[in-house]
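Data first, discussion second: the structure below is written as structure tokens.
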Amino acid sequence: LLKNKLSTAKEFSKNVLETIDFLKTDNCKVEMVHANGTLTTFVGAQNEKLLKEAESDLEKVNKLIVELEEEVKQLN
């Protein structure tokens, strides 16, 4: 189970890195549907809030990856 969780965390980290790269460099329009049904449209490179959230997610998942790798190492 730990190896599966580690694999999932690594895949999530990869996806977050791609998101960060997109938000820093891409100028295409992004549409975001909110829970209340409203729609927000913005240019990818212009949304600092999403970039900060993605960077925070990356920091958290990288910490989790280190912890899981240690747990797996201890089991072997």
Spacing of Lys60 atom NZ and Asp57 atom CG [to the nearest 0.5 Å]: 6.0 Å
Grouping I, L, V, M, F, W and Y whenever their side-chain heavy atoms are under 4.5 Å apart, do Leu2 and Leu6 come out in a common cluster? yes
Distance from Leu64 atom CG to Phe12 atom CZ, nearest 0.5 Å? 10.0 Å
Counting distance only, does the side-chain N/O of Thr38 pair as donor-acceptor with the main-chain N or O of His34 below 3.5 Å? no
Other residues, nucleotides and ligands only: do more than 12 of their heavy atoms fall within 6.0 Å of CD on Glu59? no
On a heavy-atom basis, the closest approach of Leu51 and Ile20 is CD1-CG2, 3.9 Å
Would you say the side chain of Lys49 lies within less than 4.5 Å of the side chain of Glu53, judging by non-hydrogen atoms? yes
Which ILVMFWY residues can you reach from Val33 by hopping between side chains whose heavy atoms are under 4.5 Å apart? Leu39
If we only count heavy atoms from C-beta on, is the Lys14 to Glu18 side-chain gap below 4.5 Å? yes
Could you check if a side-chain atom of Glu71 sits within less than 4.5 angstrom of a side-chain atom of Lys3, using non-hydrogen atoms only? no
To the nearest 0.5 Å, what is the distance between CG on Asn62 and NZ on Lys10? 11.0 Å
Say you draw a straight line from CG of Leu58 to CG of Leu17; how long is it, rounded to the nearest 0.5 Å? 5.0 Å
same_hphob_cluster(Ile65, Leu75) at 4.5 Å side-chain heavy-atom cutoff: yes
To the nearest 0.5 Å, atom CD of Glu48 lies from atom CD of Glu55 at 8.0 Å
Looking at CG of Leu68 and CG of Leu1, how far apart are the two atoms once the value is rounded to the nearest 0.5 Å? 11.5 Å
Quick one: does Ser13's side chain have a donor or acceptor within less than 3.5 Å of a partner on Ala9's backbone? no
